[in-house]
Amino acid sequence: ICEGYLDKNTGTARDRAMAMYVLGHAYSRNGEAFTHDGKVSETRPIQLWKKAAKLDPTYIEPFLSIGNLLGLTTENDQAEAAFDSAQNIDPKDWRVYTSRANAIFNTHRGIKSRAALAAAEKAVAIKPDEPIVRMVYGRMLQLNGRYEEAAKQYEAAVGGYDPSKDTSLELMREPNPLRSLAYVYNKMGKPALAAVTLSKYMDSIPFPNRDYSIFQERAEYYELA
């Protein structure tokens with residue numbers, strides 16, 4: 001549908017940019033996001049998102065998608081540039097900061113954990129009631145060994161988390177907060193509470209979709225308890 005619309009060469013710049021943006025995600029989900037040589041910046045989704053961004057420089061979505069995808073790779077300079085552009089478009093969009101936090105951690109791990117934490121804190125200041133914001137902030141606290149603070153963030157995320165949104169672009173790569181909460185409970189020396197929390201997580205997903213590792217993880221919590 002998007003290709004057919006673009007072939008007609010009609011519509012506003014924003015309309016065409018939106019079509020390119022959606023088309024990029026279609027290719028991304030069809031296994032064309034990465035290449036064997038590792039040059040993600042040359043894949044078709046990135047090319048389409050760059051075209052969309054050039055067509056309408058005020059459209060924030062393609063910049064976020066470029067940053068998110070490149071943020072999973074070593075091409076972090078381009079990811080940072082995309083997030084900078086997104087932030088210039090809308091400095092109050094919380095996704096800019098959660099995405100930046102994830103990208104910093106993915107590309108630098110512990111080297112820039114403080115920078116990732118600072119980005120997540122900005123997201124909390126903008127959208128404190130968004131569960132994804134709490135999940136990302138909790139993860140950054142967890143990575144810095146601040147488990148009790150991370151637990152509070154995950155607990156806040158659980159209250160507003162909607163599993164039915166799991167396929168949304170915003171929730172891509174975000175784990176259910178219950179599983180993360182179980183992990184930090186165990187780190188806090190509360191394995192019994194971790195096991196109970198993980199059981200709640202297991203109850204939230206259909207039995208056929210439960211990976212064996214979840215059962216193994218819960219068994220380890222019970223053993224520790």
Side-chain angles (χ1 to χ4, degrees), residues 1-109 112 115-116 119-120 123 127 130-133 135-136 139-140 162-176 209:
I1 293 173
C2 289
E3 288 174 335
Y5 176 77
L6 290 169
D7 286 342
K8 294 178 181 178
N9 199 27
T10 59
T12 65
R14 173 59 62 89
D15 290 337
R16 294 180 61 76
M18 289 177 66
M20 289 180 184
Y21 163 71
V22 175
L23 184 58
H25 276 288
Y27 280 115
S28 175
R29 294 189 177 195
N30 199 35
E32 297 189 38
F34 298 91
T35 59
H36 294 298
D37 57 9
K39 293 185 178 180
V40 177
S41 59
E42 298 179 7
T43 60
R44 190 152 191 189
I46 295 293
Q47 292 172 348
L48 284 164
W49 292 331
K50 285 183 176 180
K51 286 182 180 179
K54 188 175 182 179
L55 190 61
D56 186 352
T58 65
Y59 185 37
I60 195 171
E61 304 302 335
F63 291 106
L64 288 174
S65 293
I66 291 169
N68 280 327
L69 186 53
L70 294 180
L72 296 173
T73 73
T74 57
E75 300 177 74
N76 49 290
D77 289 341
Q78 291 192 53
E80 285 290 326
F83 291 135
D84 288 342
S85 297
Q87 187 171 333
N88 289 333
I89 293 171
D90 187 358
K92 293 185 179 181
D93 191 320
W94 58 269
R95 299 173 301 166
V96 175
Y97 305 100
T98 53
S99 296
R100 191 189 292 273
N102 283 330
I104 291 171
F105 170 71
N106 287 329
T107 53
H108 297 284
R109 293 289 167 176
K112 291 189 176 181
K127 193 75 171 178
E130 172 55 55
I132 302 172
V133 168
M135 288 155 68
V136 173
R139 182 162 62 253
M140 299 308 154
D162 183 1
S164 67
K165 290 174 60 180
D166 236 2
T167 55
S168 72
L169 300 179
E170 289 79 9
L171 273 175
M172 287 178 66
R173 297 185 298 276
E174 287 300 336
N176 186 307
N209 295 340

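Looking only at side-chain heavy atoms (C-beta outward), M135 and N176 stay at 4.5 Å or farther from each other. Using a 4.5 Å cut-off on side-chain heavy atoms (C-beta onward), W49 and Y21 make contact. Under the 4.5 Å side-chain criterion, counting only non-hydrogen atoms from C-beta, R16 is in contact with N9.
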Residues Q87, F63; criterion side chain to side chain contact (heavy atoms under 4.5 Å, CB included); working and verdict: CA-CA 9 Å; Q87 187 171 333; F63 291 106; over 6 Å; no
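Nearest heavy-atom pair, A116 versus A101, reported as atom, atom and distance to 0.1 Å: O-CB, 3.3 Å.
The list of salt bridge (Lys or Arg N to Asp or Glu O under 4.0 Å) pairs with a residue in residues 81-94, not counting sequence neighbours, reads D84-R100, D93-R95.
Panel note: side chain S85, backbone A81; a donor-acceptor pair is recorded below 3.5 Å.
Rounded to the nearest 0.5 angstrom, L64 CG and L69 CG are separated by 12.5 Å. Atom CZ of residue R44 and atom OG of residue S28 lie 13.0 Å apart, to the nearest 0.5 angstrom. Atom CD1 of I46 sits about 5.5 Å away from atom CD1 of I66, to the nearest 0.5 Å.
For K51, the side-chain contact (heavy atoms from CB on, under 4.5 Å) criterion is met by M20, not counting sequence neighbours. Under the rule for a side-chain contact (heavy atoms from CB on, under 4.5 Å), the partners of A17 that lie at least two apart in sequence or sit in another chain are A52, L55, D56, Y59.
At a cut-off of 3.5 Å, with distance as the only test, a side-chain donor of D15 or T12 sits close to an acceptor on the other residue. Side chains of R14 and T58: a donor on one and an acceptor on the other come within 3.5 Å.
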